[in-house]
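Data block below; observations after.
Predicted, not measured: the structure shown is a model, and the values here were computed from it. Heads up: numbering here begins at 1 and tracks the sequence.
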Amino acid sequence: MQTLATILVLAIAVEHVWILVLEMFLWTHPIGLKAFRQSREAAQASRVLAANQGLYNGFLAAGLFWGAWSGTHAIQLFFVGCVLVAGIYGGLTAKKSILYVQALPAAITLALLLALP
């Protein structure tokens, strides 16, 4: 079960690297516009805020990679918990699909981590 938990932590980390790329570098490009369902004008007006948001997703990814690399249960719990809180908040305030894309994988991973000895 530890191997599965580590794989899930790494998958969430990779997801957050992708979110970083979308928010920091592709926000105003067609792929970013499509991913976040916004107009070019809205994206241009919010690009600095999105880049800042992307940086925070990068910090989450770094923490998740650190937890997976070190094998430290407490680090994994902390960062997966942060992702879960961010996913719930984003799903309730920004876009409902965030609940499924970000919060659900984090909840499953957190439950698995909590079940480990």
- prompt: Do Leu92 and Ile88 pass the side chain to side chain contact (heavy atoms under 4.5 Å, CB included) test, and can you show the C-alpha distance, the side-chain angles, and the key distance before you say yes or no?
  reply: CA-CA 6 Å; Leu92 295 176; Ile88 291 170; 3.8 Å; yes

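The shortest distance between side-chain heavy atoms of Leu10 and Leu64 does not fall below 4.5 Å. Side-chain contact check for Phe79 versus Ile12: every heavy-atom pair is 4.5 Å or farther apart. Contact annotation: the side chain of Tyr89 never approaches that of Ile98 to less than 4.5 Å [non-hydrogen atoms, C-beta and beyond].
For the atom pair Leu26 CG and Ile19 CD1, the distance stands at 13.0 Å (nearest 0.5 Å). Note that the CD atom of Gln38 and the OG1 atom of Thr28 stand 9.0 Å from one another [nearest 0.5 Å].
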Side-chain donor-acceptor distances from residues 100-117 under 3.5 Å, at least two apart:
from   : atom 1 : to     : atom 2 : distance (Å)
Gln102 : NE2    : His16  : NE2    : 3.0
Thr109 : OG1    : Pro105 : O      : 2.8

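A single hydrophobic cluster is not seen to contain both Phe59 and Val14; linkage of ILVMFWY side chains at heavy-atom distances under 4.5 Å, directly or through other members, places them apart. Under the 4.5 Å side-chain contact rule for hydrophobic residues, Val48 and Leu22 do not share a cluster. In the hydrophobic clustering of this structure, Val21 groups with Leu55; members are Ile, Leu, Val, Met, Phe, Trp, Tyr whose side-chain heavy atoms approach within less than 4.5 Å, directly or through other members.
Here the closest non-hydrogen pair linking Ala68 and Val9 is CB-CG1, 4.1 Å. Scanning all heavy atoms of the two residues, the minimum distance from Leu60 to Cys82 falls at CD2-CB, 3.7 Å. Among all heavy-atom pairs drawn from Leu33 and Ala43, the shortest one is CD2-CB, 3.4 Å. Looking at every heavy atom in both residues, Val17 comes nearest to Phe65 through CG2-CE1, 3.8 Å. Nearest approach of Thr6 to Gln76, heavy atoms of both residues: OG1-NE2, 4.5 Å.
Side-chain N or O atoms of Ser39 include one that pairs as donor or acceptor with a backbone N or O of Ala42 at under 3.5 Å.
No more than 12 heavy atoms of other residues, nucleotides or ligands sit less than 6.0 Å from atom CD1 of Ile31.
Sorted by first then second residue, the side-chain hydrogen bond (donor to acceptor under 3.5 Å, both in side chains) pairs that include residues 53-73, not counting sequence neighbours, are Glu23-Gln53, Glu23-Asn57, Ser70-Thr72.
Residues passing the ring pair (Phe, Tyr, Trp, His ring centres under 6.0 Å) test with Phe36 are Trp27, sequence neighbours excluded.
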